[in-house]
**Q** 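Pasting in a structure now, in structure tokens, and then I'll have a few things to ask.
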2 protein chains.
Amino acid sequence: MTESTLIDAGGSAAGAGALLSILRDGRPRTRAELAQLTGWARSTLSLRLDALMHQRLVAPTDDAIHSGGRPATTFTFNQSARLVLAADLGVTHARLAVTDLATIPLAERTAEMPIDRGPEPVLTWLIETFRQLLGECGRSLADVCGIGVGLPGPVEHGTGTPVNPPIMPGWDRFAVPQWLSARLGAPVLVDNDVNIMALGEYWAVRSQVQHMIFVKVGTGVGCGIISEGRIHRGAQGAAGDIGHIRVPSFEEVVCRCGNIGCLEAVAGGGALAARLREAGEDASVSRDVVDLVRAGNVRAVQAVRQAGREIGMVLAWVVNFFNPSLIVVGGDIAEAGEHLLAGVREVIYSRSLPLATQHLGILTSELGDRAGVTGAAVMVIEHVLAPDVVDQAVTA
Amino acid sequence: MTESTLIDAGGSAAGAGALLSILRDGRPRTRAELAQLTGWARSTLSLRLDALMHQRLVAPTDDAIHSGGRPATTFTFNQSARLVLAADLGVTHARLAVTDLATIPLAERTAEMPIDRGPEPVLTWLIETFRQLLGECGRSLADVCGIGVGLPGPVEHGTGTPVNPPIMPGWDRFAVPQWLSARLGAPVLVDNDVNIMALGEYWAVRSQVQHMIFVKVGTGVGCGIISEGRIHRGAQGAAGDIGHIRVPSFEEVVCRCGNIGCLEAVAGGGALAARLREAGEDASVSRDVVDLVRAGNVRAVQAVRQAGREIGMVLAWVVNFFNPSLIVVGGDIAEAGEHLLAGVREVIYSRSLPLATQHLGILTSELGDRAGVTGAAVMVIEHVLAPDVVDQAVTA
DNA sequence: CCAGTTTTGCTTGACCATCGACATAAGACG
DNA sequence: CGTCTTATGTCGATGGTCAAGCAAAACTGG
């Protein structure tokens with residue numbers, strides 16, 4: 001009978017999602033506070049709180065508030081109620097993580113895994129690795145509420161399928177969500193890797209920032225755009241493709257896209273490596289540029305700083321057009337010290353309007369190479385913990 | 001008693017807003033169709049439909065659907081249930097209109113009205129003119145559900161007040177909404193004129209287009225940005241300021257903003273006029289440039305086309321970054337024939353990525369100099385007919 | 001250990017939104 | 001003109017929500 005009352009309590013609690021979204025900031029709150037915040041009667045509130053606690057999404061906090069009489073129990077969002085499987089699949093290597101509902105990693109692994117092995121081999125490995133990671137933290141698939149995947153190419157976010165990816169042979173139109181969810185039994189969300197990195201960085205600053213740009217400077221150059229807290233994907237999901245913007249006075253540089261003077265062909269990691277090799281340095285891929293910079297190679301440092309200036313020029317346009325309050329620079333090259341950022345800052349602050357730059361932050365990625373996997377988790381969490389989804393889960 | 005039943009029907013109909021947003025597409029629908037679309041019981045649906053009909057926001061359509069039995073009455077959104085007062089205040093002249101809830105103008109007037117007369121004189125004239133226009137269409141202030149105003153400078157949209165406008169002496173921090181709504185007794189929404197023009201153009205294509213850019217080429221150059229059907233204003237409300245992006249190879253041109261090589265100083269109507277005058281033509285303001293082009297003056301036509309190319313260069317960057325599905329070009333200079341658009345198209349299609357341009361439309365403004373006033377009406381309608389606002393109005 | 005204080009859980013009755021069923025209205029068709 | 005079909009209005013039943021009240025719980029302070 002107690003069992004059935006609990007289920008009944010759950011069955012009547014549409015609107016619990018709104019309650020959860022209040023509690024998701026992590027602050028412990030008493031019933032009285034929650035009743036005031038929601039505007040519900042205490043009885044109604046208790047009903048919905050019960051529903052959320054029955055789902056283990058909310059738990060009573062240990063420390064109670066003493067005010068002379070009976071102490072009020074406080075309640076907080078229970079981050080560890082569910083697990084998220086997050087994957088950031090790059091061109092050559094991958095990072096997988098099992099996180100809780102606050103993106104905190106419980107187990108994580110990076111590995112060499114070339115994306116060009118094709119979808120089935122890569123995703124089979126991904127499932128196996130997720131199983132191992134779950135074992136490491138002693139949890140099971142039953143606790144997993146969703147899977148987020150970032151891919152290094154254009155993804156039609158509605159269906160979660162890659163479309164005409166230039167560097168992912170065999171992946172075109174492969175139905176990643178169906179394939180994975182059939183085998184893992186949880187909803188699967190897929191997006192472009194840069195969008196996901198932007199989302200990951202946004203998560204950390206979401207209370208202060210509404211509009212931001214995440215710039216990834218790796219082998220190529222791309223950016224993720226966040227407008228009013230949502231990813232702007234554009235009409236064909238091709239937004240943020242700043243790598244193929246033509247920059248002035250480089251008309252002789254030919255890009256792999258066939259055009260001339262592309263930012264990527266001027267300031268991308270691949271281009272830097274090629275140019276340094278021509279100058280006699282030992283560099284073939286963007287990682288080598290990072291190593292040279294870390295070793296204090298003057299030519300490499302100068303090249304990276306100059307790349308920062310070229311990228312900064314494009315970003316100065318972006319600042320005037322988009323007026324973000326934050327630009328985060330990430331990717332391999334950005335992680336090779338402050339040189340890239342220095343170049344970026346130098347140009348943006350001299351070129352953009354004061355109104356747009358006076359409150360503009362320009363920072364390196366806080367999450368570094370974890371931005372992608374964090375963003376994949378954020379994508380899942382935002383979806384699974386959205387009020388209407390929670391209502392449905394609680395009512396069912 | 002019938003009266004009170006009607007009011008009771010209204011009093012219980014939270015959720016009517018959702019129903020209205022279905023009907024707002026203008027298609028007549030039967031009760032059965034609406035019940036299916038909303039998922040409500042027919043009785044519930046009738047209740048809410050009654051509430052909307054009591055507010056005169058929905059009306060039965062004349063033609064019924066015959067299917068063997070009793071014919072089903074169909075219902076449509078009643079555009080003429082309320083009026084909107086829309087104003088597009090420019091630097092030197094203004095356009096005011098009284099429109100219905102589908103932005104159709106019922107009375108309209110343009111007049112010389114320099115914005116630098118200051119807020120109180122201009123707004124007093126505005127109120128008087130609105131009163132006259134209402135008289136012309138035989139309606140009263142009681143039917144007005146909102147007032148929309150576009151101003152030629154930066155506006156903090158949340159409060160509706162201009163902030164540091166460069167060309168509106170006396171307007172800084174003037175509380176336009178309070179001043180007007182105290183005198184007209186309806187909600188007042190204020191925004192930047194370019195944002196409003198973008199909204200006006202968006203309205204006509206909203207069923208096919210999610211992301212678009214409206215470029216205004218008048219004395220200056222600016223653009224309005226629409227992402228997922230919403231205006232993107234940016235962190236300081238300064239988004240879309242492409243007029244002060246630095247374009248290559250014009251480092252000698254000094255802009256009124258103090259910087260060098262600004263797009264506006266190269267391709268704006270004011271700059272074109274100045275350059276044509278230097279060449280011996282009779283031009284002092286951007287309107288004169290339009291007149292020269294219309295008269296077939298070769299120098300003027302070439303100047304405008306070249307301006308189109310310069311603007312197109314910036315827009316090519318914008319296309320790569322933002323990936324809109326539509327670019328609309330408006331403003332004085334754009335209305336001087338297809339010359340500007342030709343220059344814009346030329347550069348965008350040659351410079352941007354095929355993925356981003358293959359489904360990209362580049363058009364001149366359909367609404368022309370009515371874009372602003374239409375957008376002002378749209379701003380009001382979107383606000384007043386938003387589901388939650390309708391629910392509140394119906395329940396009250 | 002007891003009185004005071006405040007939270008909490010539970011119950012009750014009232015209210016309201018919603019639904020399903022039934023009766024009635026309105027036109028089509030023979 | 002009656003019958004058939006479909007649409008629509010009405011009414012009672014159901015269930016969610018709330019306010020109020022009461023008893024129990026849990027801690028403080030004397």
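The figures here come from the full heavy-atom set of this structure, side chains too, leaving out hydrogens, waters and symmetry mates. Chain identifiers are assigned alphabetically (A, B, ...) following the order of the sequence lines, protein sequences preceding nucleic acid strands; residue numbering begins at 1 within each chain.
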**Q** Just the rounded figure in Å: distance from C1' of D/dT8 to CZ of B/R29.
**A** 20 Å

**Q** With a non-hydrogen cut-off below 4.0 angstrom, is B/T73 in contact with a base, only sugar-phosphate, or nothing?
**A**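 If one applies the 4.0 Å heavy-atom cut-off, B/T73 turns out to touch the sugar-phosphate alone, with no base involved.
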
**Q** Generate the contact string for nucleotides 23-30 of chain D. Rules: B means base contact, S means sugar-phosphate contact only, - means no protein heavy atom under 4.0 Å.
**A** -BBBBS--

**Q** Test of understanding: with side-chain hydrogen bond (donor to acceptor under 3.5 Å, both in side chains), list the residues that count as partners of A/E228, not counting sequence neighbours.
**A** none

**Q** Rounded to whole Å, how long is the line connecting atom CG of B/D391 with atom C1' of C/dA17?
**A**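 Going from CG in B/D391 over to C1' in C/dA17 covers 13 Å.
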
**Q** State which residues pass salt bridge (Lys or Arg N to Asp or Glu O under 4.0 Å) with A/D388; sequence neighbours excluded, sorted by chain then number.
**A**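 By the salt bridge (Lys or Arg N to Asp or Glu O under 4.0 Å) rule, A/D388 matches no residue at all.
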
**Q** With sequence neighbours excluded, tell me which residues meet salt bridge (Lys or Arg N to Asp or Glu O under 4.0 Å) with A/R370.
**A**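 A/R370 satisfies salt bridge (Lys or Arg N to Asp or Glu O under 4.0 Å) with A/E108 once adjacent residues are dropped.
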
**Q** In terms of the nearest nucleotide of DNA chain D, which residue is placed more toward the 5' end: B/T74 or A/S43?
**A**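 The residue mapped nearer the 5' terminus is B/T74.
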
**Q** Would you kindly give the CZ-to-C1' distance between B/F75 and D/dA7, to the nearest whole Å?
**A**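 Atom CZ in B/F75 sits about 10 Å away from atom C1' in D/dA7.
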
**Q** Decide whether B/R82 and B/Q55 meet the rule of one side-chain donor and one side-chain acceptor closer than 3.5 Å.
**A**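 Yes.
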
**Q** Quick one: B/W40 CH2 to C/dG20 P, roughly how many Å, whole number?
**A** 15 Å

**Q** How many Å lie between CG on A/L45 and P on D/dC18, as a whole number?
**A** 10 Å

**Q** Is there a donor N/O on one and an acceptor N/O on the other, under 3.5 Å, for the side chain of A/T44 and the base of D/dG16?
**A**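 Flag unset: no donor-acceptor pair detected.
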
**Q** Rounded off to whole Å, could you give me the CG-to-C1' distance for the A/D50 and C/dG9 pair?
**A** 9 Å

**Q** For the side chain of B/R31, counting heavy atoms from C-beta on, which of D/dT8, C/dC19, C/dG9 is nearest?
**A**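 The listed nucleotide nearest to B/R31's side chain is D/dT8.
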
**Q** What's the CZ-C1' distance between B/R48 and D/dG9, to the nearest Å?
**A** 17 Å

**Q** Of all residues at least two apart in sequence or in a different chain, which pass the salt bridge (Lys or Arg N to Asp or Glu O under 4.0 Å) check with B/E382?
**A**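 Applying salt bridge (Lys or Arg N to Asp or Glu O under 4.0 Å) to B/E382 gives B/R24.
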
**Q** Atom CG of B/L19 to atom C1' of C/dT18: distance rounded to whole Å?
**A** 15 Å

**Q** Have a look at A/S46 and say if it touches a base, only the backbone sugar-phosphate, or nothing, with a 4.0 Å heavy-atom cut-off.
**A**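 A/S46: backbone/sugar contact only, no base atoms under 4.0 Å.
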
**Q** Return yes if a side-chain donor-acceptor contact under 3.5 Å exists between B/R27 and B/T76, otherwise no.
**A**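 Distance-only check fails for B/R27 and B/T76.
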
**Q** Suppose we screen for salt bridge (Lys or Arg N to Asp or Glu O under 4.0 Å). Which residues come up paired with A/D143, at least two apart in sequence or across chains?
**A**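 For A/D143 the salt bridge (Lys or Arg N to Asp or Glu O under 4.0 Å) partners, ignoring immediate neighbours, are A/R139.
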
**Q** Mind checking if B/R42 touches a base, just sugar-phosphate, or nothing, with heavy atoms under 4.0 Å?
**A**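 Result for B/R42 = base.
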
